[in-house]
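I have placed the structure first, in the form of structure tokens, so that the comments after it can refer back to it.
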2 protein chains.
Amino acid sequence: MVRIADVAAHAGVSTATVSRVLNGVKVRSDLENRVRLAVAELDYAPNRTARSLRRQLSDVIALIIPDVENPFFTSVARGVEDVARAAGLSVVLCNADDDVAKERLYLAVAEHENMAGVILAPAGDAAPDLSRLIRRDRAVVVIDRAVGEDVDQVVFDNYSLGRRAAEGLIARGHRDIACITGPRTTPTAVERATGWRDALEEAGLSSSRLVYANFRVDGGRSAMADLLAAQTPPEAVLATNNLVGVGVLQVLAGRSGPNVDVGIIGDLPFATSDVDEVFHLSLQPREMGVTAARLLVDRIHGSAAAPETKVLLGAP
Amino acid sequence: MVRIADVAAHAGVSTATVSRVLNGVKVRSDLENRVRLAVAELDYAPNRTARSLRRQLSDVIALIIPDVENPFFTSVARGVEDVARAAGLSVVLCNADDDVAKERLYLAVAEHENMAGVILAPAGDAAPDLSRLIRRDRAVVVIDRAVGEDVDQVVFDNYSLGRRAAEGLIARGHRDIACITGPRTTPTAVERATGWRDALEEAGLSSSRLVYANFRVDGGRSAMADLLAAQTPPEAVLATNNLVGVGVLQVLAGRSGPNVDVGIIGDLPFATSDVDEVFHLSLQPREMGVTAARLLVDRIHGSAAAPETKVLLGAP
DNA sequence: TTGTATGCGTTATCAC
DNA sequence: GTGATAACGCATACAA
């Protein structure tokens, strides 16, 4: 391994001078040239472990997501990466696998690896413990689920999303509109369902057909199967996230019978059917990633502004 | 921050003893108890940056994939994570975004962060430069695309996959079977297409309908559109990867006309249609991740066996 | 077996 | 503006 001392010897300067050149501190230009030449000749790259030990900070940020197999979160990741890279930061993606214990582990890793910051999409329904990171002045941004006011957040206006989706289905002339949402303990699921309910009630329609399912494909499948098993299937059904929507469409595709209209909050990048007829609200997940990363980069660069919660509306 | 010295003072022992306890080295049991108590009371966790600087090795492995939005690679990631976690290693997922420059960057990061190992799914068509990592005795496993014999690899038998998929379509009674594969410069795409061609020729069928597309959804879409624009559409079409298959199904879904049978090499976790009719070869991507991670963990634990190439067949 | 002391490679503080 | 050197927190060679 070639170290900074090797470069210094090769260039005939001290390690301090090499370090200054590498970190953009002003140095006499002839010395700088010698250093740059030596760096190139020796193919030197700083040892980032040593650097972060000394600086008490690395140039890596963690993006902790609950499900790496959910296209929503991978799109968020793309947004985060693009912004972070432009700011000279590397992103490491951590998959908490819907497990708060794994999430805690990754938060601890981020802390002890001296990572510059963390973007967290919480896995569980309870607020994660960010106090250790915050106490150590690490930048933190929470996305997707609000956890409180003392940290930067990027969330959707879930109530509005539920409302707009329901209104879209009402505008199509439906009167019997069901909703499949996530668990009662998941605030985003409940908020979206509340928006759906209010829209229906304001239109004088019944909001009795609300199903709480798990927020994954199989949840959407079994909930939709239940709805179809009812005496009269609904005219339309709203799926409040992308995976549930996939499950709903799968069940409807394998079936004949009266048509059921579908509304989905979320995106379907891998749809294998013609989904033009689906009433679809794009969440623009990449924007969530971009917004969160910008917030985080500002914090890392030392912004001392009060914590901020950005509310995203999804596609118009 | 609480350091090892704080724990030592609190327990009335030396830092060396604390370090020994934490690293499983035998220590007098009453001292060990005092250390463990102090660790618990102070909520001490070792600084991993300092540890990896000292050990010249961290307990993190990198999984570098070309496209975090491709469900194939996220499933691979799940397999890697499960095995790595069981071995006490953290996985950081790096998205090269189909860009060999980003891939090189992540390889450099893995090197300079002293990561214990790297699992790489190469992005480009040229073999990546792994010599620096190998020279520094880092564990490396290459997956999906073979790059040579001097490193552990996990790949599919792509020729056999193409052949079996084509044979499946032939067995359904088709005689005019097209194939949409990836770029000519991508060996996996060419190998699968070659299997398809040989199966057709052995059956006395024409293998003239071969289309090279990009290996993504839009590639599948435009290639399928081209095939449909021909004087007579094919009776069946083989898509040689999952994304191309999605594109093919999308085009067919939005269309009336003579039925076109579909074969796909790969998995469709987010299909929104009834895909039971599709002739489908599962690649079992999770198995690829598990296999690669086991190989890597063995290397990290010091295996000096000759580099090995594991060939996966996909689902029977 | 336990403790002391050194070094991992870098950056930052100090004196020049 | 430059160089010598002391940390950063930990693991280990060596001494006891």
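Below, read A as the first sequence line, B as the second, and so on, with proteins coming before strands; counting in each chain starts at 1.
Nucleotide C:dC8 holds its P atom 13 Å from the CG atom of B:N114, rounded to whole Å.
Terminal axes of the helix from C:dT1-D:dA16 to C:dC16-D:dG1 (five pairs each, C1' rotation axis) are separated by 40°, to the nearest 10°.
Salt-bridge annotation for B:D129 and B:R104: absent, with no side-chain N of the basic residue lying under 4.0 Å from a carboxylate O of the acidic one. The residues B:R132 and A:D43 are annotated as salt-bridged, a charged nitrogen and a carboxylate oxygen being separated by less than 4.0 angstrom. Look at B:R28 and B:E32 and you find no salt bridge, because none of the NZ, NE, NH1 or NH2 atoms lies under 4.0 Å from a carboxylate O. In summary, B:R138 and B:E111 do not engage in a salt bridge, as defined by a charged side-chain N under 4.0 Å from a carboxylate O. Salt-bridge check for B:R145 with B:D125: passed, with a basic side-chain N closer than 4.0 Å to an acidic carboxylate O. A:D152 and A:K310 are not joined by a salt bridge, as no carboxylate oxygen comes within less than 4.0 angstrom of a charged side-chain nitrogen.
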Can you give one letter per nucleotide of nucleotides 8-16 of chain D, 5' to 3': B if a protein heavy atom sits under 4.0 Å from the base, S if only from the sugar-phosphate, - if neither? BBBBBB---

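If you take CG on B:D6 and OH on B:Y44, they are separated by 9.0 Å, rounding to the nearest 0.5 Å.
A 4.5 Å side-chain heavy-atom check between B:L105 and A:R85 finds at least one atom pair inside the cut-off.
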